[in-house]
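Below you'll find the structure, written out as structure tokens, and then a few comments.
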2 protein chains.
Amino acid sequence: MIFAFDFLKVGPFYWNKRNMKENKIAIFNPAQVGRAGEDIALQIEAAIVDGKIAPGRRLPSERELQSQFHTGRGVIREALGALKQKGLIEIRKGAKGGAFVKQIEMRHVSESLALFLKQRAINPYYLIEVRESVDRTITTLAIARGADEEKEQLVAGAQRLLEELQKPEPDMVSVFEMDRDLNLLFAQMTQNPVFEWIMRAMQSGLGSHDHALYTNPEYRERTAANWLNTATGIAEGEPLRALSVIGYHYVMLRNCLESESDSPQELAGEFPEAKTQNNRF
Amino acid sequence: MIFAFDFLKVGPFYWNKRNMKENKIAIFNPAQVGRAGEDIALQIEAAIVDGKIAPGRRLPSERELQSQFHTGRGVIREALGALKQKGLIEIRKGAKGGAFVKQIEMRHVSESLALFLKQRAINPYYLIEVRESVDRTITTLAIARGADEEKEQLVAGAQRLLEELQKPEPDMVSVFEMDRDLNLLFAQMTQNPVFEWIMRAMQSGLGSHDHALYTNPEYRERTAANWLNTATGIAEGEPLRALSVIGYHYVMLRNCLESESDSPQELAGEFPEAKTQNNRF
DNA sequence: ACTGTGTAATGGTACTACCAATATCGGAAT
DNA sequence: ATTCCGATATTGGTAGTACCATTACACAGT
């Protein structure tokens with residue numbers, strides 16, 4: 001039986017360990033003994049990222065791989081598990097099941113980033129600074145490249161957001177959702193997918209801070225009005241006005257976070273003095 | 001024996017499957033049968049990211065976890081493998097070995113990103129645009145916040161880079177290394193760790209394009225001289241000059257890539273017209 | 001005090017058996 | 001002829017056992 005997977009080469013050191021012991025003829029390359037699983041994962045990963053297996057294609061079943069690599073099924077499962085974790089493959093059960101190559105989703109990258117940010121407990125001021133700088137670039141590009149239709153959508157969306165927040169009891173869930181969609185549309189207008197990814201990643205890693213402006217009644221309406229100003233600035237092709245307005249957004253965000261950290265909650269601040277090695281890697 | 005890991009709760013549905021079949025008394029929550037491994041991984045992950053297990057601490061041995069979760073060791077290994085893949089734990093062999101909680105390294109995030117970019121075969125022009133915008137922000141911040149000592153280092157590093165590239169046969173490996181170090185120092189001067197991480201991530205995902213300027217003899221020296229100009233601009237606190245010079249860097253980079261794509265190599269361009277859905281997610 | 005060796009703990013691998021989910025196909029019922 | 005149902009084969013998921021390889025550590029011998 002011939003496979004499309006002859007590129008999955010088998011090193012001479014994966015032959016049954018028990019046999020290895022019997023014929024003690026020196027095996028010169030016990031390289032990475034104790035890491036067979038990782039090795040296999042790397043081989044398959046290389047095959048995938050080099051495009052030797054197209055997305056959607058199916059890898060051999062675990063039992064077939066087992067015999068191809070002359071190893072136990074557990075090792076194969078471990079390797080496949082690692083690839084699944086990386087988002088490179090998807091595993092389906094049942095007949096005609098198996099491991100299918102898939103495109104990595106942005107979600108994996110942003111989850112990885114969010115995990116990192118969470119574990120490091122990054123000072124929000126650092127994130128906000130980055131966010132602001134990205135926002136400014138996006139603004140310029142969105143004005144230059146955004147389609148008229150997109151610009152109208154942006155204004156309409158900001159309008160809806162403002163209306164929702166002017167209600168006595170706004171529905172926060174949909175407010176957050178509208179904010180997120182606006183930001184994504186905003187990024188999309190740059191015509192550069194990388195900015196969309198960055199925006200998504202930041203939202204999963206930073207979202208909670210950004211929501212402070214909406215939950216705080218003092219800032220709520222001003223923030224939405226500001227969004228509308230940004231949108232119209234962009235729609236009318238006024239970069240400097242849009243940038244000023246964005247600046248105001250971040251002034252409010254910083255003030256808002258500061259005032260909240262004065263509350264009995266934890267202290268988040270200390271940004272300007274943070275010249276120490278804290279939070280550095 | 002009492003553990004520090006009583007938070008690793010065991011659902012009633014993980015009792016030996018064989019028993020499950022014998023006493024057919026309805027188990028109402030077969031939830032996620034066939035996903036026990038993932039469930040366990042999630043439980044442990046939650047414990048880690050919530051800080052219930054401090055970095056450096058050791059998880060119980062696989063065999064102990066096995067009996068705590070009433071499952072097979074394979075499942076435990078699978079769960080631990082997933083966590084290891086995420087960079088949450090590190091596994092050591094031998095006596096006193098086991099799974100140790102560790103801090104997620106930036107490497108994991110950037111590798112994940114690099115994998116994503118590679119699989120998507122992103123048009124380099126998109127990446128360069130992002131890179132340029134980040135560089136501009138970093139420049140401003142570096143001037144404002146960089147220590148005098150760092151500024152001197154930057155100039156000295158750029159000087160060394162230029163000298164190396166003026167040799168008849170520059171050592172490319174060390175050139176790339178110097179360029180990377182300069183960029184990192186540059187980012188470090190912002191006093192904002194997030195910019196350092198972004199810089200690292202971009203270098204692992206974009207590095208190859210950036211190197212074109214050094215491998216191409218036509219641009220080699222001009223690029224290094226330009227770096228030196230940037231560094232002195234920063235050291236002397238001249239943001240506008242530094243920004244102009246950085247602009248020139250990207251003009252050269254784009255020209256360089258364009259001229260190389262005219263060669264028999266693959267065509268990389270088509271940026272301005274790329275309004276289609278290609279390369280979008 | 002030093003060195004080497006045994007020993008226990010622990011992850012890594014192999015193998016087997018069985019369970020659970022799924023697709024496919026054939027036959028029965030309509 | 002069409003539809004439905006059930007048998008069957010394929011394949012991932014789990015359990016369990018046995019053994020190997022590596023490491024830390026204590027203990028004995030020098």
Side-chain angles (χ1 to χ4, degrees), chain A residues 1 10-11 13-24 27 29-42 44 58-85 89-100, chain B residues 1 10-11 13-24 27 29-41 58-85 89-100:
Chain A
M1 188 170 185
V10 180
F13 26 94
Y14 289 133
W15 295 88
N16 192 324
K17 275 244 185 88
R18 273 148 177 148
N19 294 344
M20 246 180 73
K21 202 191 170 188
E22 285 167 12
N23 53 346
K24 284 187 184 293
I27 289 178
N29 204 342
Q32 295 295 48
V33 137
R35 299 289 177 194
E38 288 183 11
D39 244 46
I40 293 179
L42 286 179
I44 301 181
R58 177 176 166 278
L59 267 61
S61 76
E62 293 182 354
R63 289 169 177 85
E64 280 167 9
L65 285 173
Q66 173 185 3
S67 62
Q68 279 193 45
F69 282 101
H70 297 97
T71 180
R73 203 175 140 212
V75 176
I76 299 293
R77 282 188 61 78
E78 196 180 333
L80 293 181
L83 296 180
K84 179 175 139 199
Q85 192 61 41
I89 61 175
E90 170 199 359
I91 295 184
R92 293 206 281 265
K93 278 197 298 192
K96 302 292 176 187
F100 293 80
Chain B
M1 189 170 182
V10 181
F13 26 95
Y14 291 131
W15 294 88
N16 192 325
K17 275 241 183 90
R18 274 148 176 148
N19 295 343
M20 249 180 71
K21 202 189 169 187
E22 286 168 12
N23 53 346
K24 283 188 186 292
I27 289 180
N29 204 343
Q32 294 297 47
V33 137
R35 301 287 176 196
E38 289 184 12
D39 243 47
I40 293 180
R58 177 175 166 279
L59 268 62
S61 76
E62 295 182 353
R63 288 167 177 88
E64 281 167 10
L65 285 172
Q66 172 185 5
S67 62
Q68 279 193 42
F69 282 102
H70 297 98
T71 180
R73 201 175 143 213
V75 177
I76 300 294
R77 282 187 62 76
E78 196 179 333
L80 293 182
L83 296 180
K84 179 175 139 198
Q85 195 61 41
I89 61 175
E90 169 198 358
I91 295 184
R92 294 207 281 266
K93 280 196 297 192
K96 302 293 178 185
F100 293 79

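Letters A, B, ... are given to chains in the order of the sequence lines, protein chains preceding strands, and every chain is numbered from 1. Since we're looking at a predicted model, the values are computed, not measured. Just so it is clear, the values below take in all heavy atoms, side chains as well, and ignore hydrogens, waters and symmetry mates.
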Under 3.5 Å, which N/O atoms of the protein pair with N/O atoms of nucleotides 7-10 of chain D?
| from | atom 1 | to | atom 2 | distance (Å) |
| --- | --- | --- | --- | --- |
| D/dT10 | O2 | A/A95 | N | 3.0 |

Atom-to-atom span, [atom1] of [X] to [atom2] of [N] - whole angstrom:
X	N	atom1	atom2	answer
A/E62	C/dA14	CD	P	15 Å
B/E64	C/dG11	CD	C1'	13 Å
B/L65	D/dA15	CG	P	14 Å
A/L80	D/dT14	CG	P	14 Å
B/E90	C/dG12	CD	P	12 Å
A/F69	C/dA14	CZ	P	12 Å
B/K93	C/dG11	NZ	P	11 Å
A/R73	C/dA17	CZ	C1'	11 Å

D/dG12 base / A/R63 side chain donor-acceptor hit below 3.5 Å: yes
From [X] [atom1] over to [Y] [atom2], what is the distance, rounded to the nearest 0.5 angstrom?
X	Y	atom1	atom2	value
B/Q85	A/L83	CD	CG	7.5 Å
B/L65	B/T71	CG	OG1	10.5 Å
A/F69	A/I44	CZ	CD1	5.0 Å

From C/dG11, C/dT13, D/dT14, nucleotide with atom closest to B/S61 side chain: C/dG11
N or O in side chain of B/R77 less than 4.0 angstrom from C/dG12 OP1/OP2: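 Yes.
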Student check: side-chain heavy atoms of B/R58 and B/S61 closer than 4.5 Å: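 Result yes, sub-4.5 Å side-chain heavy-atom pair found.
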Name each donor-acceptor pair under 3.5 Å that joins a side chain in residues 72-81 of chain A to protein atoms two or more places apart or in another chain, with its distance.
| from | atom 1 | to | atom 2 | distance (Å) |
| --- | --- | --- | --- | --- |
| A/R73 | NE | A/E62 | OE1 | 3.0 |
| A/R73 | NH2 | A/E62 | OE1 | 3.2 |
| A/R77 | NH1 | A/E62 | OE2 | 3.1 |
| A/R77 | NH2 | B/E78 | OE1 | 3.2 |
| A/E78 | OE1 | B/R77 | NH2 | 3.2 |

Sugar-phosphate, base or nothing in reach of B/G74, heavy atoms under 4.0 Å: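 B/G74: no heavy atom of the nucleic acid under 4.0 Å.
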Sugar-phosphate only, base, or nothing, as touched by A/R92 at under 4.0 Å among non-hydrogen atoms: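 Sugar-phosphate: the residue A/R92, judged by heavy atoms under 4.0 Å, touches backbone atoms but no base.
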Stepwise side-chain contact (heavy atoms from CB on, under 4.5 Å) test for A/E38 and B/K84: CA-CA 11 Å; A/E38 288 183 11; B/K84 179 175 139 198; 2.7 Å; yes
For A/R92 against A/E90, the heavy-atom pair lying closest together: NH1-OE2, 3.5 Å
